[in-house]
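For reference, the structure is listed below as structure tokens.
Letters A, B, ... mirror the listed sequences (proteins, then strands); counts begin at 1. Not measured: the values here are computed from a predicted model. What you see below is based on every heavy atom in this structure, not just the backbone, and it leaves out hydrogens, waters and symmetry mates.
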Amino acid sequence: MTKSELIAELSAANPHLTGRDVELIVATIFNEITAALSRGERVELRGFGAFTVKRRDARTGRNPRTGEAVPVDEKAVPFFKAGKELRERVNKSKAARASAERAMA
Amino acid sequence: MNTVTRAHLAETIYTQVGLSRNESADLLETVLERMSSALETGESVKISGFGTFSVRQKGQRVGRNPKTGVEVPILPRRVLVFRPSHVLKAHVNHTAVPAAGGDDE
């Protein structure tokens, strides 16, 4: 599913809203999560998951091609941890069981 | 640290889009639910400029209860992973956002 498919599904389910409104709603949600993370805040959506920012210390990396040591600056990385409900849905669905059985076989 | 919740996101939709508070909250819930049900079927959810949520199949491995040291099999399972887009990473680090077209993750 892409963002445009998500927008199309929402539009179909909400015929009283204009396409522009639905686009704006979806953009607002992801922009607001991005803004919160860039302020260093966390976003917690119970049942879905939590977005946080993790700090990575500066380290000495290596150019894998030349083997040359290169300094990597300290940085922040966005992180998502699925909530309990979503984690269980992803793992316990019929599709999950079927593919788990295939992996066992 | 401040935490952004459903209520904050719904309030932002209310002020930005001009829907009622109730409808704003309902639409936010619908967005999360549509994303969850796609992930439940094993489908990836790609939000350009934000990131990709995908489901990864993990094989069986031997784990250990860290308290007792007893070996326990960890069954094959499916886990959700989130890969942030370059755009989101840049925002979190307050660096220049990559040029348009580079946000295909």
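- The ring pair (Phe, Tyr, Trp, His ring centres under 6.0 Å) analysis of residues 11-39 of chain B, with sequence neighbours excluded, yields no pairs.
- Residue contact with chain B, scored on non-hydrogen atoms closer than 4.5 Å, involves the backbone and the side chain of A:I29 alike.
- For the set A:R20, A:E44, A:E5, the count of heavy-atom pairs under 4.5 angstrom toward chain B peaks at A:E44.
- Crowding of A:K3 atom NZ: a count of heavy atoms from other residues, nucleotides or ligands under 6.0 Å exceeding 12.
- Between chain A and the residues B:V81, B:V79, B:I13, B:T95, the largest count of heavy-atom pairs under 4.5 Å involves B:I13.
- If you measure heavy-atom distances from B:S44 to chain A, the contacts under 4.5 Å come from the backbone alone.
- Using a 4.5 Å cut-off between heavy atoms, A:A50 makes no contact with chain B at all.
- Heavy-atom distances place both the backbone and the side chain of A:T2 under 4.5 Å from chain B.
- Rounding to the nearest 0.5 Å places CZ of B:R6 at 5.5 Å from CG of A:L45.
- Within residues 31-41 of chain A, the residues having any heavy atom less than 4.5 Å from a heavy atom of chain B are, in residue-number order, A:E32, A:I33, A:T34, A:A36, A:L37, A:S38, A:R39, A:G40, A:E41.
- With sequence neighbours left out, A:R59 forms a salt bridge (charged side-chain N to carboxylate O under 4.0 Å, His left out) with no residue at all.
- For A:V53, the part sitting under 4.5 Å from any heavy atom of chain B is the side chain, from C-beta outward, and nothing else.
- Looking at B:H94, the atoms closer than 4.5 Å to chain A (heavy atoms on both sides) all sit in the side chain, from C-beta outward.
- Contacts from residues 27-35 of chain B to chain A, taken as heavy-atom pairs separated by less than 4.5 Å, involve B:L27, B:L28, B:T30, B:V31, B:L32, B:E33, B:R34, B:M35 in sequence order.
- To the nearest 0.5 Å, atom CZ of residue A:F51 and atom CG of residue B:L88 are 8.5 Å apart.
- The parts of B:S37 that come within reach of chain A are both its backbone and its side chain, each placing non-hydrogen atoms under 4.5 angstrom from that chain.
- Heavy-atom distances place the side chain of B:E43, and not its backbone, under 4.5 Å from chain A.
- If you take CD1 on A:I25 and CD on B:E23, they are separated by 7.0 Å, rounding to the nearest 0.5 Å.
- Of the atoms belonging to A:L17, it is side-chain heavy atoms, and not backbone ones, that fall under 4.5 Å from chain B.
- Only the side chain of A:A82 comes within contact range of chain B, judged by heavy atoms closer than 4.5 Å.
- Under the 30°/60° scheme for interplanar angles, the aromatic rings of B:F50 and A:F30 are found to be tilted.
- When each of A:K81, A:R46, A:R87 is checked for heavy-atom pairs under 4.5 Å with chain B, A:R46 comes out on top.
- For the set B:L39, B:V55, B:L9, B:N93, the entry with the most heavy-atom pairs within less than 4.5 Å of chain A is B:N93.
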